[in-house]
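Values reported hereafter were calculated over all heavy atoms of this structure, with side chains retained and with hydrogens, waters and symmetry mates removed. Letters A, B, ... mirror the listed sequences (proteins, then strands); counts begin at 1. Owing to the predicted nature of the structure, the values given are computational and were not obtained by experimental measurement.
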Number of protein chains: 2
Amino acid sequence: MTAPLDAGVFDLRCSHRMPIRVGDKWSGLILRCLEDGGRRFGEVKAALRGVAPKVLTETLRAMERDGWVTRTAYDENPPRVEYALTELGRSLLGPLNAACAWAREHLDELPHAQERTPTA
Amino acid sequence: MTAPLDAGVFDLRCSHRMPIRVGDKWSGLILRCLEDGGRRFGEVKAALRGVAPKVLTETLRAMERDGWVTRTAYDENPPRVEYALTELGRSLLGPLNAACAWAREHLDELPHAQERTPTA
DNA sequence: CAGTATCCGGTTTGATACTG
DNA sequence: CAGTATCAAACCGGATACTG
């Protein structure tokens with residue numbers, strides 16, 4: 001099992017707000033959540049502070065449909081479900097890192113960086 | 001003056017629909033419009049077939065505020081306005097190209113590529 | 001725990017017509 | 001030509017409560 005996700009993970013890896021995003025509001029962040037290994041629904045939800053369970057489910061299902069993540073449900077009680085990146089999903093980390101690198105380098109040049117929509 | 005924009009430009013450079021986008025719906029496309037030099041409002045509008053003038057204006061103004069493009073109005077009649085990339089805006093082409101490269105390479109692996117929301 | 005079911009509000013995008 | 005004004009719709013994204 002991988003280390004628990006630090007709640008401040010996104011502040012550490014790359015700036016939270018960026019002018020480039022993957023798909024919808026949460027997909028890029030979820031990619032980051034899963035890059036070190038499979039995570040449970042609750043883990044991802046906790047890392048994405050504030051996301052509604054409905055929205056998280058929708059996003060994860062969309063990513064599953066697109067072949068970026070796998071969903072594995074274990075028949076236990078209480079239930080346990082694990083999400084993990086596919087090879088395809090992992091390949092998205094390349095362009096995502098390029099975007100994060102750009103943000104780290106140029107974010108301070110954006111006059112209105114603080115008001116932009118939240119992204120990955 | 002640069003060559004007129006081919007109406008099919010986006011089909012040639014990289015696939016029109018991508019899982020990564022810049023900012024809002026049109027910003028990435030506009031970046032592509034301007035990468036070969038300044039363009040007039042009407043040129044960009046024609047290349048982005050179907051965009052409402054209101055939306056295009058809003059998007060261009062937002063990009064201007066963020067320091068990605070410059071707007072130059074010539075006091076002529078009929079009026080002429082030119083939009084061009086700044087150095088900062090040009091630097092976005094790096095990550096954008098990384099995203100386009102990803103799309104070219106993996107788009108056929110996306111089960112639902114056709115139904116995704118339009119992006120850059 | 002891992003979701004569904006509802007309801008809801010705001011932002012985003014658009015169609016259309018008009019103007020300096 | 002390069003926009004603005006107005007109106008309308010769609011589309012997220014979210015709050016909250018509930019369930020196997």
d([atom1], [X]; [atom2], [N]) in whole Å:
{"X": "A/F41", "N": "D/dT19", "atom1": "CZ", "atom2": "C1'", "value": "14 Å"}
{"X": "A/E58", "N": "C/dA5", "atom1": "CD", "atom2": "P", "value": "12 Å"}
{"X": "B/D24", "N": "C/dT11", "atom1": "CG", "atom2": "C1'", "value": "12 Å"}
{"X": "A/L60", "N": "D/dG13", "atom1": "CG", "atom2": "P", "value": "13 Å"}
{"X": "A/R39", "N": "C/dA2", "atom1": "CZ", "atom2": "P", "value": "13 Å"}
{"X": "A/K45", "N": "D/dG13", "atom1": "NZ", "atom2": "C1'", "value": "14 Å"}
{"X": "B/E43", "N": "D/dA2", "atom1": "CD", "atom2": "P", "value": "8 Å"}
{"X": "A/K25", "N": "D/dC11", "atom1": "NZ", "atom2": "C1'", "value": "14 Å"}

Inset, instruction - For the pair A/R21 (side chain) and B/V22 (backbone), establish whether a donor and an acceptor sit closer than 3.5 Å, ignoring hydrogens and angles. - result: no
Inset, instruction - Could you check which residues of residues 74-85 of chain A get a heavy atom under 4.0 Å from DNA chain C? Sort them by number, please. - result: A/P78, A/P79, A/R80, A/V81, A/Y83
Inset, instruction - Could you pick out which residue, B/K54 or B/R40, lies toward the 5' side of DNA chain D when each is mapped onto its nearest nucleotide? - result: B/R40
Inset, instruction - Decide yes or no for B/K45 and B/P53: does some side-chain heavy atom of the first lie under 4.5 Å from some side-chain heavy atom of the second? - result: yes
Legend entry - Any A/L31 side-chain heavy atom under 4.5 Å of A/M63 side chain: yes
Inset, instruction - Identify the two heavy atoms, one from A/E109 and one from B/L88, that lie closest to each other, and give their separation to 0.1 Å. - result: OE1-CD1, 3.4 Å
Legend entry - Minimum heavy-atom distance A/Y83-A/L34, with the two atoms named: O-CD2, 3.6 Å
Legend entry - Other residues, nucleotides, ligands: >12 heavy atoms within 6.0 Å of A/E87 CD: no
Legend entry - Stepwise side-chain contact (heavy atoms from CB on, under 4.5 Å) test for B/I30 and B/W68: CA-CA 10 Å; B/I30 293 175; B/W68 300 357; over 6 Å; no
Legend entry - Options D/dG3, D/dG13, C/dG14, nucleotide nearest the side-chain atoms of B/V51: C/dG14
Inset, instruction - Name the closest nucleotide to the A/P53 side chain, picking from C/dA15, D/dA15, D/dA17. - result: D/dA17
Legend entry - Divergence of helical axes at both termini of the helix from C/dC1-D/dG20 to C/dG20-D/dC1 - five pairs an end, 10° steps: 50°
Inset, instruction - Would you tell me if any nitrogen or oxygen in the side chain of A/R71 comes within less than 4.0 Å of OP1 or OP2 on C/dG3? - result: yes
Inset, instruction - Look at A/R61 and C/dT4 and indicate whether a side-chain polar atom (N or O) is within less than 4.0 Å of OP1 or OP2. - result: yes
Legend entry - Test side-chain contact (heavy atoms from CB on, under 4.5 Å) applied to B/W26 and B/L56, step by step: CA-CA 8 Å; B/W26 301 104; B/L56 181 54; 5.8 Å; no
Legend entry - Candidate pair A/R32 and A/E35, rule salt bridge (charged side-chain N to carboxylate O under 4.0 Å, His left out), full reasoning: CA-CA 5 Å; A/R32 289 282 178 217; A/E35 70 176 331; 3.4 Å; yes
